[in-house]
Structures are given as structure tokens and as C-alpha cells.
Amino acid sequence: MVTEVEISPREAGVLELVGAHLSNAEIAARLCISVRTVESHVSSLLRKLEVPDRRALARRAPEPADAGPSRPAPVLPAPLTSFVGRVSERIELTEMLKAHRQVTAAGPGGVGKTRLALAVAAEAAGEYSDGVWFVDLVPVTDPDLIATAVAGAVGLGEQPGRDMTESVVAALADRHALLVLDNCEHVVDGVALFLERLLAMCPRVAVLATSRARLMVPFERVYPVPPLSLAVDGESDAVALFMERAAAVGWPLDPALRDQIASICERLDGMALAIELAAARCSTLGLDGITAALSHPLRMLTGGSRADERHRSVRGALDWSHALLEPADRALLRRVSVFVAPFTAVAAAEVAGGEGGVVAEGLARLAEQSLLVVTASSGGTEYRALETIRQYGVEQLSEAGELVDARSRHVRWCLARAAGLAVAREDRRARFDAVADDLRAALAWAAGRPEQRTDAYDLARHLAELTFARNLIGESQGRYEQAAALADDPAAGAAMLRNAAAVAGCRMHGDDMYRLRRAAADAARRSGDPAGAACDLATVAADAYRFSSKFVRKLPREEAIALITQARELGGDDPAAQAAVALAEAGRALTEIGAAPDLNDDAVPMTIARAERAVELAHRTGDPLAESAALDTLTCAQSWAGDTFAAAGTARRRITLLSSTPDTPAGTHELIEALGEATEASLGTGDLPGARRWARQLADHPLLAEVGHRATGWLLVADTLAGDVEEVLTGSVRFLDAWQRADGPARSVLGPPAAAVATIHGLRDDQDAWREWSAVLNQLDPSPGNTCGYGAVFDAMLLLHRGQAPEALERMAPEPGEVWQWVTWIWLHWYVALRAETAVLARSSDAGDRLAEARTVVAGNPVATAIVERAQALLDNDQERLLATADAFDTAGCRYQSARTLVLAGGDHAVRGAAALADLGFAPMALPRHP
């Protein structure tokens, strides 16, 4: 129990959910606060409880009074009516679930599978330490969206770089949880594929599915859900359910009538849905009337698989209930059956036809007959048909010859909703979620009908845009590809494929970018647009250079040259094509610089000239995204040249250019990359406030909410160099949690953040945390960038703090020219300045030469210049000049270096410096020791 420290009620709530192994994003959703607020609370708890990491924090979560382990409340729908009977079935299904990880409760529609599964899941919730979640698959019309439905129920989002299934699997990999997948029968293939991956990778996750048919997977255990017991002597679940539901509608029945009730239940074959429908009519028909109604001939299924005996009783009950409706109500029921999600009376009037007031009255009558479920929502009263009834209504539509008309009206309604969402500014997310399943269902139907092809294309395009805005980027890419396949105009198809490629870039799927851009080029040629095809081919090559880390298959040099040549021939003198070709050529030249062990004197200047030419040509086209791509390449070329300030200026110019571009996939892709580049550029020039500003924008970008290691990486670096311990400790929790959930990818771009966090723990003298993060760093990036570049910078900072100047001097022994590929761009100024300081503190004979060289290199960088000036003051024993650098560090936003300067100054200044370091959260600094 946590009693020795005082924590706020909000912190207590966060601590409980950390103990339940929820991610920061899940905690934020559960408590209705921002992810950043959760991070702050977690950081505060780490400090207050004096634990090193999130795992240790989870172990400090409070336990309930009975000393049992803390369990999150099961996320299950609350039944509106009581659960009756099924004692033996509950026991049998519970025991089967304990013995097997995947159990399917199978049976015909209306037998009571869902209610039984919910009862068993609620009773078993205490066995699953990380929770129980219910996933309703009724609205899912596409087997590929199973994972999306699960993610929505669990509160997860897609991680860029993974599809939704991979994201869910990663999130649940270490969870001990139960998933209840309800109504699987219409997406059996998709469920089977999802479960195979989920259960293979998540060893402590169990699944209870309900379905009319087996899932047909090898690890499945099937529990056939029987009808309710009909025994007259002793207990009868069927009779008990009938009497309970009759009493609920104000018609309590005399127990002496049990035999008559049992006869009715027997004729209904003990089917729970049929019994509930019959009992609901007691107040108007009485038992005699119900018995008489059941004696009427029932319309049964004939032919094919629909003659399956399991379906007859429910169909008979529905036929009977349907026959009791007035003709207008029958028509309304079948017409609203096209909705797969809850709908309002206004929506029903639009799709079913009719005056609003009349339709609302009809919906109320259908609800009274238990044919619709009524719920209250923020948008007003909503109605929903149970899936069995909805499917029955669709069949009635077909029999009435109204199916095409009703589906067509539903498609038009969905198109209007989608168009409205495209321009919505408020509550867009909630409004999309409310209609998303209907949009998907309408598209699934329209896509298969040639006469609906135009509407299907528009729906797919809208869904692609809306799902991208909703950060469902895996679905967005698929919808853009679907729209391209539905487009009658190849030019429109090419545009959709380009958008799909941009979304693939946001997802870190470089190979998809390649495939889709090549397909766009083919479509452009079919449309008679050779210049557009040229742009696509040149972009394929440019993307392979610009985003090489996103590609699994590296583009061979010969293929890249062939693409550029073909693009040049197709594009002719078209301005956009010429700009795209120039960009690809500049990218190729830049890549060759990075791969070359030795450079001739002209290579870098020629590459810069090529990049500047690409920027000029792109600017002439008036396309800000094309110009942004060219500026990106120019920034990289300037960094290779060691022109740090020019590179930073170009990076800022790129951000300014993109600040007013729409939130399209291509624009978003460029902006995310540009924010990272601007952060790096600001770090390279010592502009720590600017770096932290850009990095914060990147960390808060909604597209990166599920990939905290990518989102927070450069912010951790900037905060470390600034000396902001609290921000680093907070952000590192999100970084590590997200990285571990992503299965610990080894990417060099994640190396600097890990090195930064390790350094902070080292400066705090937290050896356990330092070793943990050092291990993470070695796993992330064993490259020379770690050994010779940023790794040397951070190691030198830590060694100097510990007073180990000779060791720091040895760590930075290589001349900058020897490791130029690893210290250009961000780290050149830091490396040169710290290298000069280590020489002074270690009393190296070449300290003066290093200082003179460093002063020239870092001129204009406020932090690096202050480091060099401090070293010069120490060498000259100039106290006044030394103290002046402390002010310079404060002005530059570098509080750690300011405090360190005071310690180096000695005397009373050292006392103030030590106090400042303690206030920042650092351990005492040791003075340099010498051999």
C-alpha cells in the first residue's frame, strides 16, 4: 500500500491505471485528459515514490481492501434487462474458457449467445488482471477492419509503421486480458486471420467469440449454446424468462399459468429472442391471443443453406411478430434495416421516406414491440435494430423488391453525411464515429454494383479523407487505393494513388510509397498525362533517397537512374516534371556523398548547386509541397558541407512554407518530416528555445499519438541539452513505453533520444536507470553515429560532470575531419566545443590550438560559443570572463551549463552552482581530476 507519501486524487487515479498496465494514451482516454497531462502525473509519481521506471511504479499501485490484485473494471455493455437462468451453461462455458484460450459460443440467431457470453465475461473478469473488453462486430462489413473494431473497443490507435492488426497485437502483447468478440458470423474469415496473429503473439490474451457458425480455426473450442430449458417439472429457464419479461411490460403472470407458458415456449423451441418477443405482446394479446397467433402458418425459409433447422424458430418468431405490425410499420422496419449503426428519426425519414413526425411515431411503435432498441445520446434519441432483426428486415426488403431503392437512398444519405463531415469544424471525431460504420457498409454494397460505381468512388474518397483525419491511417491508405480502383477517370485514379502513397509515407511504409507511385505513373499515362507520369516516376526515385529509412527494399542505383531517365524523357519541358527530375537528381548526388569514403573538393558544392536548382524550379511551379521536398534536400546538402546556419535557415524556410498548407496526407507527411528537421537544425545552431518549440509541435502531433518514441525523440534531446530534468523524465516514460509496445525497433534515429535520457540519469547519479537506458541505446543504434557522433557528445558531458576530464579527452580524441559524416549537421558545434573544453580541463598541450579552431567553427552558436569562452577563461584563469559565460548560458536557455559554470568558478559561486544543480535534479558535480 502507498501511504508514506501524499499524492493527489488525480495522481491516485493515474497510478491505479498504471498498475493495470494501461498506456499513457489509454489512461488519457479513460480519464478524459491529455497524454501530456498523464505524462506529467507519471513523472510526478516517479519522483514522489522514488522509483526508477514505469514497471516499478506499477508495482506500487494500491491493492483493494481484500488484498487481492487490482483489476480494471471490465469494459462490457450494461444489459438493460436481467439475465435469467443458464446456470449450467454459465458453469460449462466458464470452465471451457479457463482451459482454452479461444472459445466460440455458437448457435442460431436469437438463442441468447451474446447475453450468455456477457454473463460469463463479467463473472470471469477477476481472472484477467489487465481487463475484459467487448467488441461488437455487427457494424463491421469489411473483414479487413476486425482489428480496427478491436482497437476502438480497447482504446487504441494505429501505430505508423504498422497495420492496425500489428498495432493491436503490439499493444496487447504483454496483457492478461479477455476479448469478447460478438457476432462473428458475417466476417468469419477476417476474425480467423486476426485471431491467428493475436493469439500467437499475445500469450496471455483469451478470446470468447459468439457466432452462428464455427470460426474454423485449429485452436478453436466450440461451445454449442442450447435453447433455454423447457422442463415443466422443476425449473424452466424458458418459462422464467417469459414471466420476467411479461412482468417488465406491466403484465405479471400467475404462477398457475406455468403450463400454458411452457406450451408457448415449447412452440418457440426455447429460443430466447422469440420468447422475449412473445412476452412483450402479453399486455395486448394475453396468453390466449399469443397461442392463437402461433397457430397461424409461419413463413419458413426454403432452399439452400437457409433451410438449416437452427434458424427456423427465430425466423418463425420474427415472421409472427412482423405479421402483427401494421403495413406502414412493416415498411418502416424493413427500410431502416439498412442502417448498421444507431440512427435518429431524422435519418430514418431521409432513408425510409415519409414525414418526420409520422416516421418518429412509427419508430416508437417498433420500439414498443421490442423490434428496435432505444438509447439516448448527445445527438438525441437513437434507434438500433438487433442484428437478427436487422438481417430479417433486409430480407424483407429484398422480398418486397425495395432493396436496391433503399440501399441507394442509404448511399445518398451517407454521401451527404460524408460531405458535411469534410467541412465540419466542431465535434468532427464524434460525428464521424457515429456514422463510420454506415459509410463503410454503404460503400461495401455500392462497390459491387456497376450502376453505383460513381457513388462508390465518392464514398471511398470521402472515407479515405475522413479516416486520415481520424488518424486511422491504415484504413485511409486502403480507401484511397479502393477509390483509385473505382475511378472511371484514370486521372482521378492517379490522384487517389498519390494520396495513398503519401499516407504510406506517414505510416513509415516506404515500399508501399514505391508501389503506389509507380501505379500512379501508369494511371497518369493511361489518362494521357505524360508530364504527370514523369513527376510520379521522379518522385519514386526522390522518395527512395529522402526516406530511405522507411524502405525495406533499398532502391538499386541502376533502377533509380533508369527512373530518372524515363521521367526526363516523358516530362519534356513541363515545369513540374523538370522540378521533380531536378529533385531526384539532387537526391541521387546527395546519397552518393553520404556513401563515399573520400570526397573530391567539388562534390559537395556541386550537390548544393543541384539542390538549389531543384528549389528554384519547384518554386516556379507554385506547389509548396514540391518546394518543401526540394528544400529538404538542400538542407541535407548544406549540412554535409558543414554550413550549419545555412541548413538551419533552409529548414525554417521550409516550416514557414508549410504553415499554411492544408492537412492533406502529402502536406501532413511533409510537415512531420519538416518539424523533425527544424528541431535538428535548431539544435545544431544552439537555438534551444527554437528546438524545443518545434519538437513540442512534433510530440503533440495527433498522427504520432500511438508512436511516442517517434513523437518525443527530439524533444528529449532538446530538453537534455537544456538541462530540464523533469521534462526528460516525463517524456522518457512515453518514449520507452511506446518503443517497447512497438517490439523495440532498432533505428538509428532513435539513438540520440536514448543517449540523452541515459545522460540525464547519469547526471542524476541514478546508476540503475543509466545502465537500463545505455542498454536500450546499444540495442537501438550500434552505428558509428553512436560511437563517434552524438554518443561522444553525451558521453563527454557525463564524464566532465564526474570530473573525468582525461577520459572525456580520450572519448573525443578523433579530429572532426576523421568522423565528419557523424558530426556534421547537428553535432559538429557541440563536438568541437566540448572537445576543446576537454583539452583545457585535462590540461592537454594542444588546448590552445583546439580553442582557436573551435572559436571559428562555432561562431554564431550561443551555447557552443559559451562553452568555448568558458574553456578559454579557465585556461586563462579569467574569473570575470568565466562568470560572464554563466549569463550567456542562461540567455541561451541552457540552465545546466550555467550551473556547471558557477561550480567551476569556485568559492561562493560554487555553492550557488551546486544549489542550482540540485534544484534542477542533478547530482553534485565533481571538479576535474588530473593524472
remark   = Smallest heavy-atom separation, Phe735 atom then Pro753 atom, equals CE1-CB, 3.7 Å
request  = Enter the distance from Arg86:CZ to Arg115:CZ here, rounded to the nearest 0.5 Å.
outcome  = 10.5 Å
note = Tightest non-hydrogen contact, residues Val111 and Ala272, listed as O-CB, 3.7 Å
note = Here the gap from Leu439 atom CG to His462 atom NE2, rounded to the nearest 0.5 Å, amounts to 9.5 Å
request  = Answer whether the closest heavy-atom distance between the side chains of Leu750 and Asp781 falls below 4.5 Å.
outcome  = no
request  = Might you confirm whether atom CG of Asp511 has over 12 heavy atoms from other residues, nucleotides or ligands at distances under 6.0 Å?
outcome  = yes
ask   = Closest heavy-atom contact between Gln477 and Ala500?
value = CG-O, 3.8 Å
message = Whether the side chain of Arg734 engages the backbone of Thr712 through a donor-acceptor N/O pair (distance < 3.5 Å, no angle test) should be reported.
response = no
query = Please walk me through it: do Glu89 and Lys113 pass salt bridge (Lys or Arg N to Asp or Glu O under 4.0 Å)?
reply = CA-CA 11 Å; Glu89 291 95 326; Lys113 302 183 294 295; over 6 Å; no
ask   = Quick one: are Arg710 and Met508 in side-chain contact, heavy atoms under 4.5 Å?
value = yes
ask   = Does Phe339 reach the side chain of Arg390, with side-chain heavy atoms less than 4.5 Å apart?
value = no
ask   = Less than 4.0 Å between a side-chain N and a carboxylate O, is that true for Arg440 and Asp437?
value = yes
query = What's the spacing between Leu181 CG and Ile146 CD1 if we round to 0.5 Å?
reply = 8.0 Å
key: Contact check, side chains of Leu93 and Leu116, non-hydrogen atoms, under 4.5 Å   = yes
ask   = If we only count heavy atoms from C-beta on, is the Leu195 to Gln102 side-chain gap below 4.5 Å?
value = yes
task = List the steps and the verdict of side chain to side chain contact (heavy atoms under 4.5 Å, CB included) for Leu736 and Trp773.
result = CA-CA 9 Å; Leu736 186 60; Trp773 278 92; 3.8 Å; yes
note = Rounding to 0.5 Å, atoms CG (Leu716) and CG (Leu729) come to a distance of 10.0 Å
inquiry  = salt bridge (Lys or Arg N to Asp or Glu O under 4.0 Å) for Arg470 and Asp433? Distances and angles first, verdict last.
reply    = CA-CA 9 Å; Arg470 183 62 174 80; Asp433 289 348; 2.9 Å; yes
ask   = Do you see a donor-acceptor pair shorter than 3.5 Å between the side chains of Ser44 and Glu11?
value = yes
query = Just how far is it from atom CZ of Arg175 to atom CG of Leu179, taken to the nearest 0.5 Å?
reply = 11.0 Å
ask   = Taking NZ, NE, NH1 and NH2 as the nitrogens, is one of them in Lys550 or Glu673 under 4.0 Å from a carboxylate oxygen of the other?
value = yes
key: Heavy-atom closest contact (Trp714 atom, Ala695 atom, distance)   = C-CB, 4.0 Å
ask   = For Asp768, which residues count as a side-chain hydrogen bond (donor to acceptor under 3.5 Å, both in side chains) partner, sequence neighbours excluded?
value = Arg771
ask   = Are the aromatic ring centres of Phe547 and His509 under 6.0 angstrom apart?
value = no
message = For the residue pair Lys554 and Phe551, would you count it as a cation-pi contact if the rule is NZ or CZ under 6.0 angstrom from the ring centre and within 45 degrees of the ring axis?
response = no
ask   = If only atom types and distance count, is the side chain of Asp543 paired as donor or acceptor with the main-chain N or O of Tyr514 below 3.5 Å?
value = no
query = Around atom CZ of Arg747, are there more than 12 heavy atoms of other residues, nucleotides or ligands at under 6.0 Å?
reply = no
ask   = Hey, mind stepping through Val135 and Val180 against side chain to side chain contact (heavy atoms under 4.5 Å, CB included) and telling me if it holds?
value = CA-CA 6 Å; Val135 185; Val180 181; over 6 Å; no
query = Do any N or O atoms from the side chain of Arg428 and from the backbone of Leu421 form a donor-acceptor pair under 3.5 angstrom?
reply = yes
ask   = Considering only heavy atoms from C-beta outward, does the side chain of Arg204 approach that of Leu172 to under 4.5 Å?
value = no
key: Heavy-atom closest contact (Cys184 atom, Ala209 atom, distance)   = SG-CB, 4.0 Å
task = Have a look at Val222 and tell me which of Met216, Arg214, Met96 forms a side chain to side chain contact (heavy atoms under 4.5 Å, CB included) with it.
result = Arg214
ask   = Distance from Thr104 atom OG1 to Leu215 atom CG, nearest 0.5 Å?
value = 3.5 Å
Minimal non-hydrogen separation, Val340 against Asp438, with atom names = N-OD1, 3.0 Å
query = For Thr467 and Glu475, does a side-chain donor sit closer than 3.5 Å to a side-chain acceptor?
reply = no
task = With sequence neighbours excluded, tell me which residues meet side-chain hydrogen bond (donor to acceptor under 3.5 Å, both in side chains) with Glu166.
result = none
query = side chain to side chain contact (heavy atoms under 4.5 Å, CB included) between Leu463 and Leu443: does it pass, once the steps are laid out?
reply = CA-CA 9 Å; Leu463 255 179; Leu443 174 57; 3.8 Å; yes
request  = Using distance alone, with no hydrogens and no angle criterion, decide if Glu92 and Thr94 have a side-chain donor and acceptor under 3.5 Å apart.
outcome  = no
ask   = Looking only at atom types and distance, does a side-chain atom of Ser167 sit under 3.5 Å from a main-chain N or O of Asp163, one as donor and one as acceptor?
value = yes
key: Side-chain (Trp739) to main-chain (Pro745) donor-acceptor, under 3.5 angstrom   = yes
ask   = Does a salt bridge link Arg90 with Glu95, judged by any charged N lying under 4.0 Å from a carboxylate O?
value = no
query = Which pairs with one or both residues in residues 182-194 pass side chain to side chain donor-acceptor pair (under 3.5 Å), sequence neighbours excluded?
reply = Thr114-Asp182, Asp182-Thr210
ask   = Heavy atoms, side chains only, cut-off 4.5 Å: are Pro143 and Phe194 in contact?
value = no
message = Are the side chains of His669 and Met513 in contact, using a 4.5 Å heavy-atom criterion?
response = yes
query = Going through the checks in order, is the side chain to side chain contact (heavy atoms under 4.5 Å, CB included) test met by Val503 and Phe468?
reply = CA-CA 8 Å; Val503 179; Phe468 183 81; 3.9 Å; yes
